[in-house]
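Atoms within a ligand are numbered from 1 in the order they appear, just like the ligands themselves.
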Amino acid sequence: MSEERYLTFALGKGRLAEKTLKKKKKIGITCEEIHDKSSRKLIFVNEELKMKFFLAKGPDVPTYVEYGAADIGVVGKDTLLEESRRVYEVLDLGFGKCRMCVCGPESAKELLQHHELIRVSSKYPNIAKDYFYNKKHQTVDIIKLNGSVELGPIVELSDVIVDIVETGSTLRENGLEVLEEICPLSARMIVNQVSMQMQSERIKKLISALKAELEKAN
Ligand code: PRP
């Protein structure tokens, strides 16, 4: 009976979704329609496999999964840490690798060492708060931004930023550098807690197939 219902996947829009779909294709899960860039459709169905896929903003993916609107999600570890949703994190997909770092001009190094009251701008206020308050025991003023966070120290909004560093080129081109590393990041597969029990066979099969595919690729 559990084979009857659709399994729904929420994928974070952008690079992660493309890479996820490629991996899924390798284990026989396809959804051709989703690749049509001209379409404004939000949800795609593979009738044969009884699966549905939708693309959502990254930070919303754990929300859809926690509430059961999606059974499975693929999202960056950064989003999981920031959103703290009640979901099972079941697999490190190994792509979308990058680092969460404290960055700024070289001159800001000293401010970090001396635990001064500094301003930190970030798209990730919860990660920044946890790092400075709980790990470094440094009181800071956190300012939430929604993107282009590297502007923070340049226009003197903040002393440093907490942000994702992948190639490091955004930092270099703006005269900033990594001052401290917070944690490594990559794409993760997450599962709704009830779905994990009710659809356990299908979901476990999927996890095993993806794991085998990841091992083959390494
Ligand atoms: C992310 C991140 C950095 C950049 C890092 O921004 O916030 O700005 O990528 O990548 P790099 O080390 O390879 O240069 P994103 O492109 O998601 O846009 P945003 O600044 O609007 O968040």
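- Ile43 belongs to a hydrophobic cluster whose other members, connected by ILVMFWY side-chain contacts under 4.5 Å either directly or through intermediates, are Phe54, Tyr64.
- Contacts of Asp130 classified as side-chain hydrogen bond (donor to acceptor under 3.5 Å, both in side chains), with partners at least two apart in sequence or in another chain: Asn134, Lys135.
- For ligand 1, residues of the protein lying within 4.0 angstrom by heavy-atom distance are Lys123, Gly147, Ser148, Glu150, Asp163, Ile164, Val165, Glu166, Thr167, Gly168, Ser169, Thr170.
- Looking at residues two or more places apart in sequence or on another chain, you find no side-chain hydrogen bond (donor to acceptor under 3.5 Å, both in side chains) involving Asn174.
- Defined by atom type and a distance below 3.5 Å, a donor-acceptor pair is missing between the side-chain atoms of Tyr124 and Glu83.
- Remark: the Arg172 side chain and the Thr170 side chain contain no N/O donor-acceptor pair separated by less than 3.5 Å.
- Salt-bridge formation is detected for the pair Lys109/Glu177: a Lys NZ or Arg NE/NH1/NH2 atom is positioned less than 4.0 Å from an Asp or Glu carboxylate oxygen.
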